[in-house]
Amino acid sequence: MTLAKRIIPCLDVDHGKVVKGINFLQLKCAGDPVEMAKRYSDEGADELVFLDITASHEKRDITQQYVEGVAKTINIPFTVGGGIRNVADARNVLCSGADKVSVNTAAVERPQVITELSDVFGQQCIVVAIDAKRNLYPSEGKITVQTSEGPVWFEVITYGGRKTTGIDAVAWALQAEKLGAGEFLVTSMDKDGTENGFDVELTRAISEHVPIPVIASGGAGLPQHFVDVFTAGKADAALAASVFHYNKYPLQMVKNYLRKTGVTIRQ
Amino acid sequence: MTKAVIFDYGVGNLLSLKCALEKAGVNVSIGTSWQDLSEADAMILPGVGSFTPAVKKLECVREVIHAKVAEGVPLLGICLGLQLFFEESAEGSGVGLGFFKGKVIRLQGDLKIPHVGWNTISFANSCELFDGIADSAYVYFVHSFYSVPTDEGVVCTKTTYGTTFASAVADKNVFGLQFHPEKSGDIGLQILRNFAIMVTR
């Protein structure tokens, strides 16, 4: 036996409520992060990610409340990301019971924050989220990958997909790992929301270059997409939202499919 | 009422562990001092932090832990907690508690490190902590170091990640788990329930 590939549902949270995918769940309180976490945990999720998009000066208290609720209810690991900029932000979610924090834009703007977080909480707590987009225009010094579209390099995008940076995603991953990242959450901005498959080439490019686990994200729509990203993409884990939220393919169905194709999955 | 104490090295989150132990039926609190541990019916060394700072924090409670263990009080170490049961670690300087002979070394090879995620445990020597659990059950790991006990007889379960290592060790009332039972779903809860039975006995 060997280490299992992980399936990670992602929940977007705003002001303490899950904002996507609340339609299908017949819950007493639709959109309650604690109830949804429990539901996914019972269905066999290997881990959960909460992306907290709350923009409010009360964010700290709101976040603390549901993170504590989740920690008390489930006993699988979970990560909280969204607007984590420094040790104080990270401490707030980790001391409320989250197992890991993810940092994205703040780390691109000030890479040293990765080391600061890692020194205080340990490398295993720090997930560096990288949003990347294919750039078809060759540029000197970029790590170019041959794809079905021809040669591309992958550009880091910040502010939730709004800002291009000119930074090479593979080079950034290498730097972030040295600074103390424990895992990468790599989201393809080309594939996100399309449901036509993960960016296998992006995932593989990063996974092959770094010695720490890579979680692939963006584009999951079919069970086969998970197989592709675990085999050809060399991902260690795969994250998805809508495919699970709207119950198109329940988690167990995806896991059974993976198992049948020979991917190591936890029962 | 019996009472278990989680020793706090002063880093990170102990809430999940406390909640999982409570769900398993253990009456548990978090302690930081010699006094806290001296009143405990069971002791838990959690799995957050790193070897050298943790050893420093243990300095003031080292004697009480040894005395309680000698009395037969159950001691559970999780992840780093297990590694602290050995004398030394490749992670850093300092002297561990020395309940087990052997060494703690870094995972090596062409592997992603840390070893993060769900992996299986296969039984070696029997241990009541694993009552009711099937061989090859999945549990959750997050670690870069692992222990190599000199005495194979203390190894309860083994796990393979590049190398095959001891994922659980036990000797009388001292139990060490390299994985995190508090993060291992129903299997983890069953292990903690088995621990709860020992605590109340």
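- Taking each heavy atom of A/Gly182 and B/Pro114 in turn, the nearest pair found is O-CD, 4.3 Å.
- From A/Ile212, atom CD1 reaches atom OG of B/Ser144 across 10.5 Å, with rounding to the nearest 0.5 Å.
- Side-chain N or O atoms of B/Lys112 include none that pairs as donor or acceptor with a backbone N or O of A/Asp236 at under 3.5 Å.
- For A/Arg266, the parts sitting under 4.5 Å from any heavy atom of chain B are the backbone and the side chain alike.
- Counting heavy-atom pairs closer than 4.5 Å to chain A, the top-ranked of the candidates B/Gly117, B/Pro181, B/Gly185, B/Gly188 is B/Gly185.
- At a 4.5 Å heavy-atom cutoff, the contact between A/Ser96 and chain B is made by backbone atoms alone.
- Neither the backbone nor the side chain of B/Lys18 comes within contact range of chain A, judged by heavy atoms closer than 4.5 Å.
- Around the NZ atom of B/Lys158, the shell of radius 6.0 Å holds no more than 12 heavy atoms that belong to other residues, nucleotides or ligands.
- Contact tally against chain B (heavy-atom pairs below 4.5 Å) for A/Ala71, A/Ala237, A/Pro77: the top residue is A/Pro77.
- Of the atoms belonging to B/Val142, it is side-chain heavy atoms, and not backbone ones, that fall under 4.5 Å from chain A.
- Ranked by heavy-atom pairs under 4.5 Å with chain A, the list B/Leu111, B/Val116, B/Asp186, B/Leu15 is led by B/Val116.
- Residue contact with chain B, scored on non-hydrogen atoms closer than 4.5 Å, involves the backbone of A/Ala98 exclusively.
- Looking at B/Leu17, neither its backbone nor its side chain comes within 4.5 Å of chain A, counting heavy atoms on both sides.
- Residue A/Glu208 places its CD atom among more than 12 non-hydrogen atoms of other residues, nucleotides or ligands, all under 6.0 Å distant.
- Not a single donor-acceptor pair under 3.5 Å links the side chain of B/Trp118 to the backbone N or O of A/Leu3.
- More than 12 heavy atoms of other residues, nucleotides or ligands sit less than 6.0 Å from atom NZ of B/Lys23.
- Remark: B/Ser50 OG to A/Asp119 CG distance equals 10.0 Å, nearest 0.5 Å.
- Counting heavy atoms of neighbouring residues, nucleotides and ligands inside a 6.0 Å radius, atom CD of A/Gln252 exceeds 12 of them.
- For the set A/Glu68, A/Gln124, A/Glu47, A/Lys72, the count of heavy-atom pairs under 4.5 angstrom toward chain B peaks at A/Lys72.
- Neither the backbone nor the side chain of B/His180 comes within contact range of chain A, judged by heavy atoms closer than 4.5 Å.
- Going from atom CD1 of B/Ile187 over to atom CD of A/Gln267 covers 10.0 Å, rounded to the nearest 0.5 Å.
- The local environment of CD in A/Glu116 is crowded, with over 12 non-hydrogen atoms from other residues, nucleotides or ligands closer than 6.0 Å.
- The line from CD1 of A/Ile74 to CD of B/Glu182 is 12.5 Å long, rounded to the nearest 0.5 Å.
- In terms of modelled atom types and a separation under 3.5 Å, the side chain of A/Asn75 and the main chain of B/Ser184 share no donor-acceptor contact.
- Annotation: side chain of A/Asp99 is in contact with side chain of B/Lys183 (closest heavy-atom distance under 4.5 Å).
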